[in-house]
Enquirer: 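Quick one: the structure is below, questions incoming.
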Amino acid sequence: MFDASLAPLATRLLAPAAHWLDRRGLSADQVTLTGFGIGLLTVPLLAIGEFGWALAAILVNRVADGLDGTLARLQGPTSRGAFLDIALDFAFYALVVLGFALADPARNALPAAVLLAAFIGTGSSFLAFSVIAERKGLASTDFTGKGIFYLGGLAEGAETIAFFLLAGLWPQAFPWLAYGFAFACLLTTLSRWREGYRRF
């Protein structure tokens with residue numbers, strides 16, 4: 001919901017770091033893969049109850065996710081970079097939810113399963129719309145700097161980060177936060193289905 005308005009601010013904030021990395025010869029793909037590697041640490045950290053360190057890993061991953069795009073626009077975007085970015089984003093989101101399930105299976109397993117099902121809805125509707133939009137030559141007016149067509153919704157990247165942060169700060173509230181966010185994802189999926197049916 002807020003990604004389109006927050007993206008220009010994030011780009012401005014990350015531009016100095018992107019220029020610094022570019023001068024040292026690092027590529028956007030390297031930043032993407034490094035950020036994902038750090039993000040993987042979230043799963044064992046959550047599983048053993050180290051929520052503070054898990055939050056730090058989540059934040060580093062998300063900063064890297066913004067930084068790789070800024071760096072890619074500086075160096076010249078590639079199809080491989082766009083693929084890695086979105087594929088690893090969806091994997092990371094699911095892995096964080098898995099980490100919360102492992103932290104307390106008795107309380108968190110069912111809410112995590114519901115949320116993962118909701119993530120499949122948002123992810124599949126997002127990617128399906130993107131593929132057909134690309135085939136029809138449509139251009140996204142809200143997300144002009146992206147490597148693929150972005151269709152917004154109620155639950156986007158910024159809202160997902162906010163959910164992860166809230167769950168990390170108040171892990172005992174994960175079940176209710178997960179159910180609430182799953183409902184937001186359901187509304188997003190329904191809106192994308194409607195938009196796809198209407199436009200295609």
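Worth knowing before you read on, the calculation uses all heavy atoms, side chains too, and leaves out hydrogens, waters and symmetry mates. Index from 1, following the sequence.
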Enquirer: How long is the straight-line distance from CD1 of Ile58 back to CG of Asp65, given to the nearest 0.5 Å?
Expert: 13.0 Å
Enquirer: For Ser124 and Ile120, work out which heavy atoms get closest and say how close.
Expert: OG-O, 2.7 Å
Enquirer: What pair of heavy atoms forms the shortest contact from Thr42 to Ala54, and how long is it?
Expert: OG1-O, 4.1 Å
Enquirer: Take atom CZ of Phe83 as the centre, draw a 6.0 Å sphere, and report whether it contains more than 12 heavy atoms from other residues, nucleotides or ligands.
Expert: no
Enquirer: Go through the steps for Leu190 and Leu186 under the test side chain to side chain contact (heavy atoms under 4.5 Å, CB included), then give the verdict.
Expert: CA-CA 6 Å; Leu190 292 174; Leu186 172 62; 4.2 Å; yes
Enquirer: Distance check, rounded to the nearest 0.5 Å: Leu166 atom CG versus Ile161 atom CD1?
Expert: 12.0 Å
Enquirer: Check Ala101 against Ala109 and note the closest heavy-atom contact, atom names and distance.
Expert: CB-CA, 4.3 Å
Enquirer: Got more than 12 heavy atoms from elsewhere within 6.0 Å of CZ, Phe51?
Expert: yes
Enquirer: Should Phe92 and Leu115 be counted in the same cluster of Ile, Leu, Val, Met, Phe, Trp and Tyr side chains packed under 4.5 Å apart?
Expert: yes
Enquirer: To check you understand the geometry: which heavy-atom pair defines the closest contact between Pro111 and Phe174, and what is its length?
Expert: CB-CE2, 4.2 Å
Enquirer: Given 3.5 Å as the limit, does a donor-acceptor pair link the side chain of Thr188 with the main chain of Thr122, or not?
Expert: no
Enquirer: Considering all heavy atoms of both residues, which atom of Leu102 and which atom of Ala47 are nearest to each other, and what is their separation?
Expert: CB-CB, 3.8 Å
Enquirer: Whether Arg198 and Glu195 form a salt bridge (side-chain N of Lys/Arg under 4.0 Å from carboxylate O of Asp/Glu) is what I want to check.
Expert: yes
Enquirer: Taking Ser130 for its side chain and Phe126 for its backbone only, find out whether a donor-acceptor pair lies under 3.5 Å.
Expert: no
Enquirer: Could you walk me through whether Arg62 and Asp89 pass the side chain to side chain contact (heavy atoms under 4.5 Å, CB included) test, one step at a time?
Expert: CA-CA 9 Å; Arg62 294 296 83 200; Asp89 275 356; 2.9 Å; yes
Enquirer: What distance do Asn61 atom CG and Leu40 atom CG have between them, rounded to the nearest 0.5 Å?
Expert: 8.5 Å
Enquirer: Return yes if some donor-acceptor pair links the side-chain N/O of Glu159 with the main-chain N/O of Glu156 below 3.5 Å, else return no.
Expert: yes
Enquirer: Measuring from Asp68:CG to Asp85:CG, what's the distance to the nearest 0.5 Å?
Expert: 5.0 Å
Enquirer: Working to the nearest 0.5 Å, report the span between CG of Leu59 and CD1 of Ile38.
Expert: 11.5 Å
Enquirer: What about the rings of Phe200 and Phe129, do their centers lie closer together than 6.0 Å?
Expert: yes
Enquirer: Apply side chain to side chain contact (heavy atoms under 4.5 Å, CB included) to Arg24 and Leu21, showing your working.
Expert: CA-CA 5 Å; Arg24 281 148 186 82; Leu21 292 171; 5.9 Å; no
Enquirer: Using the rule that Ile, Leu, Val, Met, Phe, Trp and Tyr join whenever any side-chain heavy atoms are under 4.5 Å apart, tell me whether Phe119 and Leu88 fall into a single cluster.
Expert: yes
Enquirer: Would you say Arg107's side chain and Gln172's backbone share a donor-acceptor pair under 3.5 angstrom?
Expert: yes
Enquirer: Quick one: does any side-chain atom of Gln75 pair with a main-chain N or O of Leu26 as donor and acceptor, under 3.5 Å?
Expert: yes
Enquirer: Check Phe100 against Gly168 and note the closest heavy-atom contact, atom names and distance.
Expert: CZ-N, 3.7 Å
Enquirer: Are Trp20 and Val31 linked, directly or through other ILVMFWY residues, by side chains that come within less than 4.5 angstrom of each other?
Expert: yes
Enquirer: Rounded to the nearest 0.5 Å, what's the gap from CG on Leu116 to OH on Tyr93? Could you check?
Expert: 14.0 Å
Enquirer: Mind telling me whether Phe181 and Phe163 have parallel, tilted or perpendicular rings, with 30° and 60° as the class edges?
Expert: parallel
